[in-house]
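Taking it in order: structure first as structure tokens, then the write-up.
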Protein chains: 2
Amino acid sequence: MDNVLTRKLEKFAPLSAEDRSLLDDIIRPTRTVPADTDLIREGQSSNEVRLILKGFACRYKMLPNGRRQIVAYLIPGDFCDLNAFILEAFDHSIGTLSECTVVDIPRQRIMELTDRPGIARAFWWVTLVDEGTLREWLLNIGQRGAAPRVAHLFCELLVRLRIVDLAHEDSYELPLTQAEIADTMGISPVHVNRVMQTLREMDLIEYRRKSLVIKDLDRLIAFSDFNGAYLHLQSGKPERQSIKTP
Amino acid sequence: MDNVLTRKLEKFAPLSAEDRSLLDDIIRPTRTVPADTDLIREGQSSNEVRLILKGFACRYKMLPNGRRQIVAYLIPGDFCDLNAFILEAFDHSIGTLSECTVVDIPRQRIMELTDRPGIARAFWWVTLVDEGTLREWLLNIGQRGAAPRVAHLFCELLVRLRIVDLAHEDSYELPLTQAEIADTMGISPVHVNRVMQTLREMDLIEYRRKSLVIKDLDRLIAFSDFNGAYLHLQSGKPERQSIKTP
DNA sequence: CGAGACTTTGATCCACGTCAAAAGGCGTGG
DNA sequence: CCACGCCTTTTGACGTGGATCAAAGTCTCG
């Protein structure tokens with residue numbers, strides 16, 4: 001039960017005891033990866049599936065001119081590449097943002113797991129949530145101004161980290177530099193700094209020592225028009241993010 | 001053989017004759033949908049899978065303030081919602097951009113098809129390509145200036161339309177208004193207009209009567225840093241888009 | 001205690017937005 | 001076949017959010 005993966009998957013639908021124990025077996029042996037290390041590089045292929053157990057990582061793409069876009073954050077409980085072995089080459093890289101604990105799961109084991117319908121459905125779910133998140137990010141970057149854009153990210157991370165019990169109240173560890181946030185949001189590092197000051201002055205957040213405190217979640221949600229429906233959490237159990245968006 | 005769906009799926013891996021004929025049976029009965037009509041609205045659920053046979057449609061998300069972001073184009077051969085029935089509610093809407101011909105396929109038929117491994121793999125492939133495309137769009141909107149951004153879109157559409165034989169040489173029908181392109185690219189309609197004039201003045205494209213002619217594909221590719229690897233076409237058959245990116 | 005990595009600040013610039021109006025298509029009905 | 005009206009494209013003037021550049025603070029950690 002204290003497995004970050006099952007904890008997450010059960011937010012979609014309950015798993016049988018047997019499924020849960022199969023998923024428990026999978027999370028060993030682990031290895032530790034230092035910060036700022038690539039787990040997978042664009043163009044590579046792989047016969048293993050990586051699962052993040054601890055730390056923050058990201059998917060990113062680079063442009064020849066050196067500009068970088070982070071296209072997803074990977075937090076504990078997230079797979080790097082669940083189905084990627086169907087393709088011959090990765091179309092993006094994955095790198096750690098902080099020190100991470102990772103498991104490498106042989107493709108074969110994943111395929112065994114997906115013989116079980118409950119697990120197969122749960123894996124589909126994570127795939128579809130990833131896709132939904134990409135669409136929401138596109139909306140975020142394409143249509144929101146810089147300040148609500150950053151605020152939206154903070155709301156999303158709160159919800160996602162709560163799912164795996166990594167948020168305490170309305171605050172969580174956010175081991176990112178402002179430059180990394182800039183690469184995520186498509187704005188300059190300097191502007192990220194200014195935006196965060198604005199959010200601070202509005203009394204929406206506090207941010208010190210890589211730790212984010214959301215001081216007024218309701219207003220942060222309203223300010224960023226956050227609606228967490230794209231995370232497709234089970235509807236029986238309304239989460240804070242959904243009850244606040246009329 | 002003259003089925004827009006199999007034509008596309010075989011660009012990933014060849015299908016058996018039997019698979020191909022199963023996929024032929026699926027594309028009837030069709031219906032015609034006028035332009036600017038929603039096929040699916042955010043929040044809805046559905047037990048059918050829609051397949052576009054003719055025309056352009058798009059996935060989009062709206063903000064409460066009325067701003068819209070188009071997050072994907074759907075062209076002939078594209079599924080609207082292959083796996084979406086796993087979720088209870090759509091997290092985005094799908095609307096036609098031009099008059100479209102569509103088939104509605106009951107969820108049950110899709111599940112029968114995926115019993116066949118070749119088809120199942122092909123369906124996985126389209127899902128992963130969709131996801132890869134979303135990541136590339138995020139890079140495009142987040143990191144490129146307006147002109148290369150639009151140019152990148154034109155390159156992508158050329159490759160995708162060629163896959164289904166809907167491009168003639170380096171040109172194709174593009175039934176979009178500049179306002180729709182603006183909603184896709186996260187820039188204003190006025191600026192789209194100016195960017196297109198720039199591309200025209202650079203002798204990269206011609207655009208009249210909803211018809212786009214790429215006058216110098218190599219330069220357009222270079223200008224937009226286009227690299228079609230994210231479309232994951234079969235590697236045995238190098239397409240134009242890949243040989244031009246060193 | 002010093003070095004390198006982050007954050008913060010200030011000044012200036014420019015890509016793109018907004019507003020508003022003119023000019024072209026294009027379908028409809030007379 | 002023309003004229004009207006509507007939608008789309010184009011143009012111009014002007015405003016602004018965010019970029020860039022550069023330097024000064026501040027952390028953190030060896």
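Protein chains get the first letters and strands the later ones, always in sequence-line order, with residue 1 at the start of each.
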Quick one: closest heavy-atom pair of A:Met185 and A:Arg149, and the distance? O-NH1, 2.5 Å
C:dC6, D:dG18, D:dT8: which one has an atom nearest the side-chain heavy atoms of A:Ile187? D:dG18
Rounded off to whole Å, could you give me the CG-to-P distance for the B:Asn65 and C:dT18 pair? 10 Å
Would you say C:dA5 has OP1 or OP2 under 4.0 Å from some side-chain N or O of A:Gln178? no
Whole angstrom is fine here: how far is it from CZ in B:Arg149 over to P in C:dA15? 13 Å
Taking the side chain of B:Arg209 as heavy atoms from C-beta outward, which of D:dT8, C:dC6, C:dC26 is closest to it? C:dC26
Closest of D:dG12, D:dT8, C:dC16 to the B:Val190 side chain is D:dG12
Among D:dG18, C:dT7, D:dT11, the nucleotide that comes nearest once only the side chain of B:Asn193 is considered: D:dT11
Donor-acceptor check, side chain of B:Thr37 to backbone of B:Val33, threshold 3.5 angstrom: yes or no? no
Counting only distance, no hydrogens or angles, is the base of D:dG12 paired donor-acceptor with the side chain of B:Arg194 under 3.5 Å? yes
With the threshold set at under 4.0 Å for non-hydrogen atoms, list the residues of residues 55-63 of chain B touching DNA chain C in residue-number order. none
So which atom in B:Trp137 and which in B:Ile70 form the shortest heavy-atom distance, rounded to 0.1 Å? CZ3-O, 3.7 Å
Check every atom of C:dT8, D:dG18, C:dC16 against the side chain of A:Gln197 and return the nucleotide holding the closest atom. C:dT8
Taking only side-chain nitrogens and oxygens of B:Lys210, does any of them come within less than 4.0 Å of OP1 or OP2 of D:dT9? yes
For a quick test of reading the model, state the closest non-hydrogen atom pair linking B:Arg144 to B:Ser224 and the distance between them. NH1-O, 2.9 Å
Over 60° means perpendicular and under 30° means parallel, so tell me whether B:Tyr230 and B:His152 are parallel, tilted or perpendicular. parallel
Are any of A:Arg200's side-chain N or O atoms less than 4.0 Å away from OP1 or OP2 of C:dT8? yes
Regarding the side chain of A:His191, the nearest nucleotide among D:dG12, C:dC26, D:dG18 is D:dG18
Interatomic distance, CG@A:Leu51 vs CG@A:Leu5, rounded to 0.5 Å, equals 5.5 Å
